[in-house]
Protein chains: 2
Amino acid sequence: MKTKVFITDDHYMVIEGIRSLLQNEKEIEWMGHASNAESCLAYLQTHQPDVILMDINMPGMSGIDLCKIVKEKYPQVFVVGLSTFNQQSFIHKMMDNGASGYVLKNATQQELMEAISTVAKGKTYLSDEAAFALKKIETPGMPLITRREKEVLELIAEGLTNIEIAEKLFISSATVDTHRKNLLIKFQTKNTASLVRTAMQLQLI
Amino acid sequence: MKTKVFITDDHYMVIEGIRSLLQNEKEIEWMGHASNAESCLAYLQTHQPDVILMDINMPGMSGIDLCKIVKEKYPQVFVVGLSTFNQQSFIHKMMDNGASGYVLKNATQQELMEAISTVAKGKTYLSDEAAFALKKIETPGMPLITRREKEVLELIAEGLTNIEIAEKLFISSATVDTHRKNLLIKFQTKNTASLVRTAMQLQLI
DNA sequence: CCGGCCATCCCTGAAAAATGGGATATTTAT
DNA sequence: ATAAATATCCCATTTTTCAGGGATGGCCGG
């Protein structure tokens, strides 16, 4: 029984790399790829892979959100998160959203195969680095911000005023103001400048 | 005459992807890879590729610094920068340090081949996205800021107000305000939030 | 020596953000 | 089911920023 594998990643070279790593594996059936969250969801309406390898950082909807949706709609599909070295901070979010495993993009073929076969059995696979990062992070540095707050944060960083943000998100500027206040509190910053700086340092933007 | 290609990237999957993309190309001789700057330099002591595909973001020495060293020691080697979508701000630094080309990691095989063959002839190749980003940055952007302006910029990013900055630098807050205004003009940003974001993206902070 | 750049200082008025309250519906989690 | 979290809205005051001006002395390179 082959394991049906699908991949969602916005980097063509990574897709190609994984395909190359898996193409000679007898236990793997390569189903194809999507380069963004929307394509992935569209694909899932008509196909059912066993395992999805999913990049965390994609333009548009992130892998973290995509993972959540996928697990809600298709709980039988196992998700393996993929990320680069300096995005380890998102590992726990990915796992919270139902991912079954996590490998870094510099994983070897052995690691990748082990991850796929492990999660295909319904178990959890974490690469050594990922497991390490999971332990290390979770410290107080990284504030837990809500989806909405993140949207607001990004628009603030783009230089929009509260009113412009309000128009963009179809909410009142007073609401934007509240989100902004909460962001300042959560990041323990005293104004917009340090808020943006801190958020960027934590790679949240 | 085959083009000898070497790659330096810390992501095994990207290496594998590129290898897969190039393996059937008759004009390409795959020399191997390094996963960090040090290995790359060690390799170059005994081998001479025509083209090095080089990731920008690597643990330890960055591709930007590596590029500089490589071009100083081996000016006949052509370097092609590789990066993801959200690192476009480093393109110009890479080009300043002697890179001959730049492609994003979601490039197609055609783009990659075109890049390699173009730079192997000593010409410059920029992917459309890279060229676009470069124009955007070089023309109005990458502001030349003075020492004092940079000091002020850093303190702004730390969240200090004009008055606090003034006290710290022993100048009047009106002066700080002028520096701030000039920074906004030079960065073509409309407020502090986008100023900080832009400055961080350009790694000026 | 002079012109340009830099750093410094000042003014004003409008716009926006920060601060610190309070309040309610909806979702999510336990 | 109930508590917690989230998203929403409102107000009033103070501080800060934004966007125009203009002005002075110092320093460096042509």
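Within every chain, numbering begins at 1; the chains are lettered A, B, ... in the order of the sequence lines, protein sequences first and strands thereafter. The figures that follow rest on heavy atoms only: side chains count, while hydrogens, waters and symmetry mates do not.
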Report which part of the nucleic acid [X] touches: base, sugar-phosphate, or nothing (heavy-atom distance under 4.0 Å, all strands).
{"X": "A:S172", "result": "sugar-phosphate"}
{"X": "B:T161", "result": "sugar-phosphate"}
{"X": "B:K181", "result": "base"}

Do the side-chain N or O atoms of [X] get closer than 4.0 angstrom to the phosphate oxygens (OP1, OP2) of [N]?
{"X": "B:R148", "N": "C:dT8", "result": "yes"}
{"X": "A:T192", "N": "C:dA18", "result": "yes"}
{"X": "B:H179", "N": "C:dT8", "result": "yes"}
{"X": "B:T178", "N": "C:dC9", "result": "no"}
{"X": "A:R180", "N": "C:dA18", "result": "yes"}

To the nearest Å, give me how far apart [atom1] ([X]) and [atom2] ([N]) are.
{"X": "A:E151", "N": "D:dT8", "atom1": "CD", "atom2": "C1'", "answer": "14 Å"}
{"X": "A:L160", "N": "C:dA17", "atom1": "CG", "atom2": "P", "answer": "10 Å"}
{"X": "A:N97", "N": "C:dT28", "atom1": "CG", "atom2": "C1'", "answer": "13 Å"}
{"X": "B:I165", "N": "C:dC9", "atom1": "CD1", "atom2": "P", "answer": "14 Å"}
{"X": "B:L184", "N": "C:dA16", "atom1": "CG", "atom2": "P", "answer": "15 Å"}
{"X": "A:N182", "N": "C:dA23", "atom1": "CG", "atom2": "C1'", "answer": "14 Å"}
{"X": "B:I185", "N": "D:dG20", "atom1": "CD1", "atom2": "C1'", "answer": "10 Å"}
{"X": "B:N162", "N": "D:dT14", "atom1": "CG", "atom2": "P", "answer": "21 Å"}

(message) By nearest atom, which of the nucleotides D:dC10, C:dC10, C:dA17 is closest to the B:A174 side chain?
(response)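 Nucleotide nearest to B:A174's side chain: C:dC10.
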Shortest side-chain distance from B:N191, nucleotide among D:dC18, D:dA7, C:dT19 |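 Between D:dC18, D:dA7, C:dT19, the one nearest the side chain of B:N191 would be D:dC18.
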Side chain to side chain contact (heavy atoms under 4.5 Å, CB included) between B:L22 and B:I116: does it pass, once the steps are laid out?
CA-CA 10 Å; B:L22 299 182; B:I116 291 174; 3.9 Å; yes
- request: Could you give me the CA-CA distance, side-chain angles and deciding distance for B:R197 and B:T189, then say whether side chain to side chain donor-acceptor pair (under 3.5 Å) is met?
  value: CA-CA 10 Å; B:R197 171 166 162 270; B:T189 48; over 6 Å; no
Heavy-atom closest contact (A:M58 atom, A:N36 atom, distance):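 Closest heavy-atom pair between A:M58 and A:N36: SD-CA, 4.3 Å.
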| message | Strictly below 4.0 Å, N to O, side chains only: are A:E154 and A:K168 in salt-bridge contact? | response |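 A salt bridge is absent here (no side-chain N lies under 4.0 Å from a carboxylate O).
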Query raised in the report: Is the shortest side-chain N to carboxylate O distance from B:D9 to B:K105 below 4.0 Å?
Result: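 A salt bridge is present here (some side-chain N lies under 4.0 Å from a carboxylate O).
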